[in-house]
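First the proteins, then the strands, lettered A, B, ... as listed; each starts at 1. This is a predicted model, so every value here is computed, not measured.
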Amino acid sequence: MADDKKLTTRADDFSAWYNELVLRAELADYSPVRGCMVIRPLGYGVWERMQRALDDMFKATGHVNAYFPLFIPESFMSKEAEHVEGFAPECAVVTHGGGKQLEERLVVRPTSETIIYSMFAKWVQSYRDLPLLYNQWANVVRWEMRTRLFLRTMEFLWQEGHTAHATHDEAEEETRRMLGVYRTFMEEYIAMPVITGQKTDAEKFAGALRTYSCEAMMQDNKALQAGTSHNLGQNFAKAFDLSFQTETGEQAFAWNTSWGVSTRMVGGMVMTHGDDNGLRLPPRLTPIQVVIVPIWKTDEERTATVEKARAIAEALGSFKLHEHERIRLHVDDRVGIKPGAKYYHWELRGIPLRLEIGPRDLASNSCMLVRRDTREKTSVSMDDLATEL
RNA sequence: CGGGACGUAGCGCAGCCCGGUAGCGCACCUGAAUGGGGUUCAGGGGGUCGCGGGUUCGAAUCCCGCCGUCCCGACCA
């Protein structure tokens, strides 16, 4: 892939800058199918780290993971009036299978409220069965008119939390709690400033009582809807007969919430931190935190600097950042590519720190440490390396 | 779905107006020299010119139809 031309600048054309950056940094690529994208290893590596952190936060707030099917009977979608009205225009529908026309058409899930609450209805009889606190990691499909890499694709990856509660207040508390989890994640992991608030009736989720949203503030002064949390009231419970017997023996409908964040957050991260030199990946989400570039002229120097680079990678690789997290390093020992070209390569990809180790550094027992965010260079003694990082 | 661009080698493009059997840059392969911020030179491989039809002795080029992509708007995680 040719990285040899300069990026379009943000000031010139923010939208072109974004597209070029996503492609050239190899986060994602266009697929043969319009509106769909291939998420490449760097982009997927970021998404995996997002998943891991969020999943831990969901578990810590009492949720469990499960998985519901991709296909939803078309009739399910119509059971909640507002829901079908909102989603029907953007549904992909399977009409044939095994060479035969289907008796009932199947909707490829645009979201899973209907299938999940139909199952909840089977599993809940008593107030003792509540609350149900579920989450699933899945792909969903929405037939979008106009798409953009990560920000709006026809198929995207996300998580959707679905819960059922005995009372309105408990559901409302859950809705707000998860909005808070999203906010914490976006601020502490993506380092992305967000404003939270309630959506208008026109903008709320199709079928919800109330929708709360995390609006992330981007460099071009636009807001990106980065996460939503819905109080669904009893709308779906009534549609799918999700009811239970209360402590006093009466029948009551459950109160539901749903909440989701998607691969759109990767796009938000790009637009929050990227600059005219490329990506800047947040340290907690980047697959590689430190890239080590050995520099050599002769074969002897190559052997020596590569060996030193690997030794450093191994030594620092055992260094714990947090309880279960170690520093993630990569040694770029590719032959035939000049050091300068490697610098550009890793800067474009937003790797936070770069260590340069050449023959002169070996002689002085030091190395050059370069920050991606400020591009500031400092010479660091080998002995202070761990502290410096 | 409305408006605008565009489809020629992996990527970016020229050639089209004025028809004559395809070219440039980057990337890739080989060799040599180089090597602390995008190396240089030499050689080399790679293309049913988006698809279908028409005009013509001959179409990347002209005509008709279709498909697709990107950008801007309305709608959305």
Open item on the list: Over all strands shown, is A:Lys377 touching base, sugar-phosphate only, or nothing at heavy-atom distances under 4.0 angstrom?
Closed with: base

Task: Carboxylate-amine/guanidinium contact A:Arg284 A:Glu325, below 4.0 Å - done: no

- [ ] Select base, sugar-phosphate, or nothing to describe what A:Ser15 touches, counting heavy atoms under 4.0 Å on all strands.
- [x] sugar-phosphate

TODO: Output yes if the stacking criterion (under 5.5 Å between centres, under 30° between planes) is met for A:Trp158 over the base of B:A77, else no.
DONE: no

TODO: Give, ordered by number, those residues of residues 274-303 of chain A having at least one heavy-atom distance below 4.0 Å to an atom of RNA chain B; if nothing qualifies, reply none.
DONE: A:Ile295, A:Trp296, A:Lys297

Could you list, one pair per line, each protein nitrogen or oxygen that sits under 3.5 Å from a nitrogen or oxygen of nucleotides 1-4 of chain B, together with the distance?
none

Task: Ion pair A:Arg372/A:Asp275, N-O distance below 4.0 Å - done: yes

Open item on the list: Would the base of B:G37 count as contacting A:Glu347 through its side chain, where contact means a donor and an acceptor less than 3.5 Å apart?
Closed with: yes

Task: No-H, no-angle donor-acceptor pair, A:Arg142 side chain to B:C76 base, under 3.5 Å - done: no

Open item on the list: If you only use heavy atoms from C-beta on, which nucleotide in B:G37, B:U39, B:C71 is closest to the side chain of A:Lys338?
Closed with: B:U39

Open item on the list: Looking at B:C70, I'd like to know if its phosphate oxygens (OP1 or OP2) sit under 4.0 Å from a side-chain N or O belonging to A:Asn19.
Closed with: no

TODO: Measure the distance from CD on A:Glu26 to C1' on B:G10 and round it to the nearest whole Å.
DONE: 13 Å

- [ ] Just compare B:G36, B:U39, B:C76 and give me whichever is closest to any side-chain atom of A:Tyr343.
- [x] B:G36

Open item on the list: Could you tell me how far apart A:Trp346 (CH2) and B:G36 (P) are, to the nearest whole angstrom?
Closed with: 19 Å

Open item on the list: Looking at A:Ile195, I want to see if its CD1 is surrounded by more than 12 non-hydrogen atoms of other residues, nucleotides or ligands under 6.0 Å.
Closed with: no

Open item on the list: If the threshold is 4.0 Å, N to carboxylate O, is there a salt bridge linking A:Glu80 and A:Lys238?
Closed with: no

- [ ] Report which part of the nucleic acid A:Thr153 touches: base, sugar-phosphate, or nothing (heavy-atom distance under 4.0 Å, all strands).
- [x] base

Open item on the list: If you count heavy atoms of other groups shown closer than 6.0 angstrom to CD of A:Glu85, is the number above 12?
Closed with: no

Task: Parallel, tilted or perpendicular, as decided by the 30° and 60° cut-offs, for the rings of A:Phe240 and A:Phe76 - done: tilted

Open item on the list: Output the rounded distance in Å from CE (A:Met154) to P (B:G68).
Closed with: 11 Å

TODO: Send over the distance from A:Tyr18 OH to B:C71 P, rounded to a whole Å.
DONE: 11 Å

Open item on the list: Quick test of your reading of the model: are A:Glu347 and A:Arg375 salt-bridged, counting only N-O distances below 4.0 Å?
Closed with: yes

Task: Residue A:Arg152, side-chain heavy atoms: nucleotide from B:G36, B:C76, B:G38 that is nearest - done: B:C76

Open item on the list: Would A:Arg142 pass as a cation-pi partner of A:Trp158, given that its NZ or CZ must be under 6.0 Å from the six-membered ring centre and within 45 degrees of the axis?
Closed with: yes

Open item on the list: Is A:Tyr344 stacked against the base of B:G38, taking the criterion as centroid distance under 5.5 angstrom and interplanar angle under 30°?
Closed with: yes

Open item on the list: Could you tell me how far B:U40 sits from B:C26 if I compare only their C1' atoms? Round to whole Å.
Closed with: 16 Å

Task: Basic-acidic side-chain contact under 4.0 Å: A:Glu215, A:Lys199 - done: yes

Task: Phosphate OP1/OP2 of B:G38: any A:Lys342 side-chain N/O under 4.0 Å - done: no

Task: Positions of residues 352-366 of chain A (non-hydrogen atom under 4.0 Å from RNA chain B), listed by number - done: A:Arg354, A:Glu356, A:Gly358, A:Pro359, A:Arg360, A:Asp361

Task: Electrostatic pair A:Asp333:A:Arg302 at N-O distance under 4.0 angstrom - done: no

